[in-house]
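The block underneath contains the structure these notes are about, expressed in structure tokens.
Values below: every heavy atom of this structure, side chains too, minus hydrogens, waters and symmetry copies.
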Amino acid sequence: MKKLILLSAAFSIAFASCQNKQVENKDQKLSEQAIAIHDEIMPQISQFDKTTIKIDSIISNLATIKATKANLDTAKTRVDLTNLKDSIEDATDHMMTWMKDYDATNEDEAYQQKEVDKISAMKNQFDRVSEQIKTSLAAFN
């Protein structure tokens with residue numbers, strides 16, 4: 001009888017341990033997913049920085065560019081490029097804030113899911129900004 005009680009207790013402990021590992025594995029997987037998305041979009045920041053410098057150069061030289069592109073609306077171009085620069089800086093700032101605030105060691109599944117959702121939305125933002133860069137700067141390449 002004692003053996004049966006001990007065996008039952010050992011089984012219960014082992015079962016509880018397995019369930020904790022499943023929960024741990026789920027938050028671990030979410031953390032890994034968040035980091036993977038981060039690692040995918042983070043390299044774009046250096047390209048965004050270079051693009052910001054290019055935008056500043058274009059804005060500074062609009063009069064010269066106008067001489068070669070007579071139909072260029074410099075006022076609209078200045079506004080469009082300034083808006084693009086703001087979008088780039090906003091995306092970059094969001095990434096920096098997320099990296100500063102993110103806790104990869106947090107074992108709360110809800111927290112990790114929320115962070116995956118945040119970084120996924122940020123990836124969408126980065127994708128939109130990248131497309132906006134291609135479209136807006138195509139005429140200046």
Practice task
Quick one: pull up CD in E32 and CG in D39 and give me the separation to the nearest 0.5 Å.
Solution key: 11.5 Å
Problem - S136 vs D80 side-chain heavy atoms within contact, under 4.5 Å - result: no
Handout entry: Beyond-backbone contact of M95 with F48, side-chain heavy atoms, under 4.5 angstrom
Key = no
Exercise for the section: Would you check if D56 and T52 make a side-chain contact, meaning some heavy-atom pair closer than 4.5 Å? Expected result: yes
Handout entry: Exceeds 12 heavy-atom contacts within 6.0 angstrom, atom NZ of K66
Key = yes
Exercise for the section: Determine yes or no for a side-chain-to-main-chain donor-acceptor pair under 3.5 angstrom, with S46 supplying the side chain and P43 the backbone. Expected result: yes
Exercise for the section: Taking the side chain as every heavy atom from C-beta outward, state whether K54 and N141 have any pair of such atoms under 4.5 Å apart. Expected result: yes
Completion exercise
Between Q112 and A104, the two heavy atoms sitting closest are NE2-O, 3.7 Å
Practice task
Evaluate the criterion side-chain contact (heavy atoms from CB on, under 4.5 Å) for residue pair Y111 and L30; output intermediate values, then yes/no.
Solution key: CA-CA 9 Å; Y111 170 81; L30 289 168; over 6 Å; no
Problem - Nearest-0.5 Å distance that lies between atom OG1 in T77 and atom CZ in F140 - result: 5.0 Å
Practice task
Report yes if the side chains of E131 and D127 come closer than 4.5 Å at any heavy-atom pair, otherwise no.
Solution key: no
Problem - Test item: L84 and L137 side chains (from C-beta on) under 4.5 Å apart, heavy atoms - result: yes
Handout entry: V129 reachable from M42 in the ILVMFWY side-chain graph, under 4.5 Å edges
Key = yes
Handout entry: Distance, nearest 0.5 Å, that separates CG of L62 from OG1 of T74
Key = 6.0 Å
Exercise for the section: Kindly say whether A139 contributes a backbone atom to a donor-acceptor pair with the side chain of K69 at under 3.5 angstrom? Expected result: yes
Practice task
Would you please say whether a donor-acceptor pair under 3.5 Å links the side chains of S31 and Y102?
Solution key: yes
Problem - Residues forming a salt bridge (charged side-chain N to carboxylate O under 4.0 Å, His left out) with D108, sequence neighbours excluded - result: none
Handout entry: Value rounded to 0.5 Å, distance of CD in Q125 from CD1 in I119
Key = 10.0 Å
Problem - Polar side-chain atom of D90 near backbone of D86 as donor-acceptor pair, under 3.5 Å - result: no
Problem - Inter-residue atom distance K100.NZ - M96.CE, 0.5 Å rounding - result: 12.0 Å
Completion exercise
Those residues at least two apart in sequence (or on a different chain) that pass side-chain hydrogen bond (donor to acceptor under 3.5 Å, both in side chains) with D73 are none
Handout entry: Close side-chain approach of I55 and T82, heavy atoms under 4.5 Å
Key = no
Handout entry: H94, NE2 atom: more than 12 neighbouring heavy atoms under 6.0 Å
Key = no
Problem - M99 with I88, same ILVMFWY side-chain cluster at under 4.5 Å - result: yes
Problem - Hydrophobic cluster membership, V116 vs W98, 4.5 Å side-chain cutoff - result: no
Exercise for the section: Could you grab the distance from atom OG of S130 to atom CD of Q47, nearest 0.5 Å is fine? Expected result: 8.5 Å
Problem - 4.5 Å side-chain heavy-atom contact, D49 and I53 - result: no
